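This report refers to the structure that appears directly beneath it.
Chain letters run A, B, ... following the sequence lines, proteins first and then strands; every chain starts at 1. Here the structure is a predicted model, which is why all the values come from computation and not from measurement. As a basis for the values below, the full set of heavy atoms in this structure was taken, side chains included, without hydrogen atoms, waters or symmetry mates.
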There are 2 protein chains.
Amino acid sequence: MAVTLADVAKRAGVSSATVSRVLNGNYPVAARTRQRVLRAVSELNYVVNAYARALAVNMSDMLGVVVNDVSDPFFGLLAGAIQGEASREDLLAVICNTGGSPVEELRYVELLLRQRTRAIVLAGGCVDDADYLTELAGLIDQAASAGTRVVLCGRPPIEGARAVTLNFDNRGGARSLTRHLLAMGHRRIGYITGPPRHSTTTERLQGHREALAQHDVPWDEGLALDGGAFDRERGWEAAARLLALPDRPTAIIGANDSIALGVLAAVRESGLQVPKDVSVAGFDDLPFGLDAYPSLTTVRLPLLDAGRRAGRIAAGLDQAEPGAVSTIRPELIVRDSVAGPAS
Amino acid sequence: MAVTLADVAKRAGVSSATVSRVLNGNYPVAARTRQRVLRAVSELNYVVNAYARALAVNMSDMLGVVVNDVSDPFFGLLAGAIQGEASREDLLAVICNTGGSPVEELRYVELLLRQRTRAIVLAGGCVDDADYLTELAGLIDQAASAGTRVVLCGRPPIEGARAVTLNFDNRGGARSLTRHLLAMGHRRIGYITGPPRHSTTTERLQGHREALAQHDVPWDEGLALDGGAFDRERGWEAAARLLALPDRPTAIIGANDSIALGVLAAVRESGLQVPKDVSVAGFDDLPFGLDAYPSLTTVRLPLLDAGRRAGRIAAGLDQAEPGAVSTIRPELIVRDSVAGPAS
DNA sequence: TTGTAAGCGTTATCAC
DNA sequence: GTGATAACGCTTACAA
């Protein structure tokens, strides 16, 4: 079995309390005693048992981060930034993958609650389902009363829940992107959404529609396709359908960059050119957009920044009132995939 | 404070032992008693304390995954796959970011050892430094004697360490890539390496040199540039230097796809065309290579597969002898970024 | 400055 | 079937 504090104490000829004091350095210990203890520790290769420690102090040194998919750079960037801040406080950031499933998300939150993590960060948008949200609100409540901070990063606040929210202004970002296309002269703009009943999907589509309305462009149901997911595959499929339309759009917006990548591929494969024949735009500004062909016009979300802020609040480095909501502004990034429509 | 087993027991009018039995379902409990207990649990919103539990059973339900950088899809894919398998066994996978620093890596391994995780997966190549490796070997030894499995995924085995190794055949992959370029007629092939003294860097460069030697192409030191890191930036810089050479190469290989992306950009910005003027190739086959322009010829590493295998071993789903080493074969992926040299 | 001993919240081993 | 009770490995009053 593993070496315990008692083993070290015996070897050093002191009490286990003394060993604990040496290791934590929070009480005075004679220099010679300290030496002996430290020697015993290294001779035995002693490693504290985080469980026993956490049980005794009733406080863990972990911080939970729940994301849809670490292999998606959107979440990878967010998670990495959060972990960077956690590490400053010597906290271990646990990153959990839900695969986008609300059920898995709730399961992970419960798992993290069991671990008595210092904080839980829920990153990325979420499904807009009443049952799920009330259940989540319940868990957040439990977390709060157990002293576990909860940070919502990149999703809307939950009514009445004691969580700090850092939301992206998806609506505003989508509005400015669509405005840009309108200003370039586009009137028939295709739009491919993300997963249905998802906060990010809804907010971005709303912004798009608002911009159209502001410019008196009538809403055409047939131009807005349900992508079903935030991935390249779905972007490709939906774009193929849009391009097959008798009166095809002069521009296509993907609800995120991955979808837009699929659109780019579909346009290319149909023998048309971007942006000459069809303009394409995305959302998020993930690194690969720069190397896409043509480089992708998109809306930049400051993910690193947002992740850092969320991480600091979670790690207790920054104060934030439970219930506080702040909004992070996106920025329009104009590149080569958008031009005026062919006249 | 948080609700404890004793609180539940009091409320249900039973002993805490009974509550534990109901929750774990490993002993017979009368149906009526069970009902009462379950009601109390839900009324009080009881959540087990994983620390106390782990302390009592001397076994945690976590699994550690150590990577360089979650926001890099290479690691994201690996980590995601590992976590997927862990989750089948109801294990919580803790993903830790080292940022490529051996010091951080050792720190995280120690942190995970404290948590008494069931297993630790070290993913991705590592620095080839004797001190670091002996220290790591020591930690692996401690892990082994504490019953923590260690899996090395995507890095060379450590001599004598009780860890299971799943390595990529980087040398073989690089060899087949360079052979492909040679077969297309290239003789002046630029090569941009990853970070110095890094297992992946070394193995891939070795394979490249072997292929050159097999085809009697003399080794030209001036064509192999030290990228310094596996990123786009470095690829761009090194490529710019190669392109400025009086007798510039007809093809450039990046030690990974990110470097190759930088090369693509540098070639484009220098007014040359890929593959007409310069061919470009990468390594890893990350998703973005498909959307690069032109689409990237590369060497495919089955990351998802490798991650799954590592995850299954770590989670105890698959048996593997400590010390076992297996090699994962890469596959050449031919796309549009490579053509014959302009004659 | 150091040792003793009482928790921390579970599980597991006995009895009954 | 169920209830006491002793671990599990650590921290921290309280004594000495």
Test your reading of the model: is there a side-chain donor-acceptor pair from A/Ser145 to the backbone of A/Asp141, 3.5 Å cut-off? yes
Does A/Arg116 contact C/dG9 through a side-chain donor or acceptor facing the base, at a distance under 3.5 Å? no
Nearest-nucleotide pick for A/Val14, side chain only, options being C/dG7, C/dG3, C/dT10: C/dG3
Side chain of A/Ala17 (C-beta onward), nearest among C/dT10, D/dG3, C/dT4: C/dT4
Please confirm whether the shortest side-chain N or O distance from A/Asn24 to OP1 or OP2 of D/dT11 is below 4.0 Å. yes
By the 4.0 Å heavy-atom rule, please label A/Ala30 as base, sugar-phosphate, or nothing. sugar-phosphate
Report yes if a side-chain nitrogen or oxygen of A/Thr33 is closer than 4.0 Å to either non-bridging phosphate oxygen (OP1 or OP2) of C/dT2; otherwise report no. yes
Can you tell me if A/Tyr51 touches the phosphate of C/dT11, counting only side-chain N or O atoms and a distance under 4.0 Å to OP1 or OP2? no
Look at the side chain of A/Arg21 against the base of C/dG3 and say whether a donor-acceptor pair falls under 3.5 Å; ignore hydrogens and angles. yes
Per atom distances to the A/Ala56 side chain, the nearest of D/dT11, C/dG9, C/dT11 is D/dT11
Would you mind checking if A/Arg107 and A/Glu110 are paired as a salt bridge, meaning a charged N to carboxylate O distance below 4.0 Å? no
Rounding to a whole Å, what distance do you find between A/Met59:CE and C/dG9:C1'? 17 Å
Determine: side-chain N/O of A/Ser15 to OP1/OP2 of C/dG3, distance under 4.0 Å, yes or no. yes
Side-chain atoms of B/Tyr27 come closest, of D/dC10, C/dT1, C/dT13, to C/dT13
